Peer 1: 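There's a structure below that I have some questions on.
The chain is numbered in sequence order, starting from 1. Note that this is a predicted model, so its numbers are computed, not measured.
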Amino acid sequence: MSDTDSFIDEVTEEVRRDRLFVMLKRYGWIGGLAVVLIVGGAAYREYNKAQNLAASQKLGDDMIAALSLDEDLARAESLSQISAETPGGAAVLAMLQAGALADAGQQDEAVTRLQAVALDAELPLIYRHIASFKALGLQQDSLSIAERRLQFEALAQPGAPLALLASEQMALLDIEAGDPDAAIDRLKAIVEDASVTADLKERATQVIVALGGALDEAAVSEG
């Protein structure tokens with residue numbers, strides 16, 4: 001009985017091997033195709049990564065070369081001839097162009113470039129807020145305190161990338177409007193914020209002292 005069972009097992013195993021051989025012969029090309037696709041996909045990703053890296057390096061080199069020029073208008077002109085292949089690169093390029101134009105005295109054109117970035121809904125929020133912040137900085141003489149305050153308030157919302165910097169600007173607007181107490185309260189909130197940077201904390205502290213305000217020693221000593 002055991003010999004019979006052994007014989008049956010051997011026959012069954014042989015049949016399985018035959019079936020496997022037939023299946024591999026019939027459908028083996030699918031596995032080969034899968035291997036080709038996997039290897040090809042990996043190669044394409046590496047190629048694409050290398051292309052993106054090369055493009056980023058070229059963009060950076062072109063920007064550095066343009067910014068190294070001595071004259072403001074020459075820098076602006078050189079930057080305008082550079083092209084970026086990604087939205088983020090184009091945003092950074094536009095902000096650099098705006099800076100060069102502002103240095104050359106072309107404030108209106110600089111603001112226009114910055115506002116175009118600020119209003120581009122396809123860009124990450126950080127790019128848009130930086131552009132808006134810079135544009136407001138160039139419009140100190142052309143916008144009223146109320147207009148600037150309204151726009152800085154939008155940038156100062158909790159969780160916004162430049163919230164504390166925008167709050168600092170609003171404190172300066174309070175001073176400009178003749179309300180030092182409001183400025184002190186706003187600056188104290190900046191000093192006490194857990195995410196405040198050392199430089200911003202120092203600036204806010206100096207302005208509070210200059211305005212005659214008192215600081216919580218614990219808040220000053222933290223960080």
Side-chain angles (χ1 to χ4, degrees), residues 41 44-45 47-67 72-73 75-174 176-177 186 189-190 193-197 199-200 203-204:
Y44 175 76
R45 285 194 297 273
Y47 172 78
N48 196 42
K49 187 186 299 183
Q51 291 292 99
N52 290 338
L53 179 59
S56 297
Q57 290 175 338
K58 184 179 184 304
L59 177 61
D61 291 342
D62 290 344
M63 287 180 177
I64 291 172
L67 292 172
D72 299 326
L73 282 177
R75 285 199 300 272
E77 177 63 25
S78 182
L79 287 167
S80 68
Q81 295 176 2
I82 300 173
S83 61
E85 297 183 7
T86 64
V92 172
L93 183 58
M95 286 189 276
L96 290 176
Q97 291 170 351
L101 288 168
D103 291 340
Q106 298 185 15
Q107 306 280 42
D108 292 342
E109 181 61 25
V111 169
T112 298
R113 300 284 181 95
L114 291 169
Q115 288 178 337
V117 175
L119 296 175
D120 189 345
E122 299 299 320
L123 287 171
L125 189 63
I126 181 66
Y127 289 102
R128 292 155 54 195
H129 276 205
I130 290 175
S132 183
F133 189 92
K134 287 180 174 292
L136 285 171
L138 294 176
Q139 297 177 89
Q140 293 182 5
D141 298 329
S142 58
L143 293 179
S144 67
I145 293 177
E147 290 172 320
R148 281 179 282 155
R149 186 187 301 278
L150 184 64
Q151 295 189 52
F152 276 124
E153 282 178 351
L155 300 178
Q157 295 302 309
L162 305 181
L164 294 183
L165 290 175
S167 293
E168 179 187 29
Q169 293 301 312
M170 291 175 66
L172 297 179
L173 290 177
D174 290 331
E176 189 177 343
R186 201 181 300 277
I190 293 174
D193 194 287
S195 63
V196 66
T197 63
D199 288 343
L200 177 54
R203 289 201 307 271

Peer 1: Identify the two heavy atoms, one from Leu123 and one from Arg128, that lie closest to each other, and give their separation to 0.1 Å.
Peer 2: O-CD, 3.3 Å
Peer 1: Step by step, would you call Asp199 with Arg203 a side-chain contact (heavy atoms from CB on, under 4.5 Å)?
Peer 2: CA-CA 6 Å; Asp199 288 343; Arg203 289 201 307 271; 4.2 Å; yes
Peer 1: Between Ala102 and Ala110, which heavy-atom pair has the shortest distance, and what is it?
Peer 2: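 Smallest interatomic distance, heavy atoms only, reads N-CB, 3.9 Å.
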Peer 1: State, with a plain yes or no, whether a side-chain heavy atom of Glu122 is found less than 4.5 Å away from one of Pro87.
Peer 2: no
Peer 1: Looking at His129 and Ala160, what are the two nearest heavy atoms and their distance?
Peer 2: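 Nearest pair, atom of His129 first, then Ala160: CE1-CB, 3.9 Å.
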Peer 1: Would you check if the side chain of Arg113 reaches a backbone N or O of Ala98 as a donor-acceptor pair within less than 3.5 Å?
Peer 2: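 It does not hold such a pair.
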Peer 1: Can you confirm whether more than 12 heavy atoms, excluding those of Asp103, are under 6.0 Å from its CG atom?
Peer 2: yes
Peer 1: CG of Leu101 to CG of Asp108: how many Å apart, nearest 0.5 Å?
Peer 2: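 Separation between the atoms: 11.0 Å.
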Peer 1: Give a yes or no on whether the backbone of Leu136 and the side-chain of Gln140 come within a donor-acceptor separation of less than 3.5 Å.
Peer 2: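 No; judged by distance alone, with no hydrogens or angles, the pair does not exist.
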Peer 1: More than 12 heavy atoms of other residues, nucleotides or ligands under 6.0 Å from CD of Gln81: is that the case?
Peer 2: yes
Peer 1: Below 4.5 Å, heavy atoms only, C-beta onward: do Leu114 and Phe133 meet side chain to side chain?
Peer 2: no
Peer 1: Start with the C-alpha distance between Arg75 and Leu96, add both sets of side-chain angles, then the distance that settles side-chain contact (heavy atoms from CB on, under 4.5 Å), and finish with yes or no.
Peer 2: CA-CA 9 Å; Arg75 285 199 300 272; Leu96 290 176; over 6 Å; no
Peer 1: Using a 4.5 Å cut-off on heavy atoms from C-beta on, say whether the side chain of Gln97 contacts that of Leu93.
Peer 2: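 Sidechains of Gln97 and Leu93: in contact.
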Peer 1: Establish, from distance only, whether the side-chain atoms of Gln151 and Glu147 form a donor-acceptor pair under 3.5 Å.
Peer 2: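 No.
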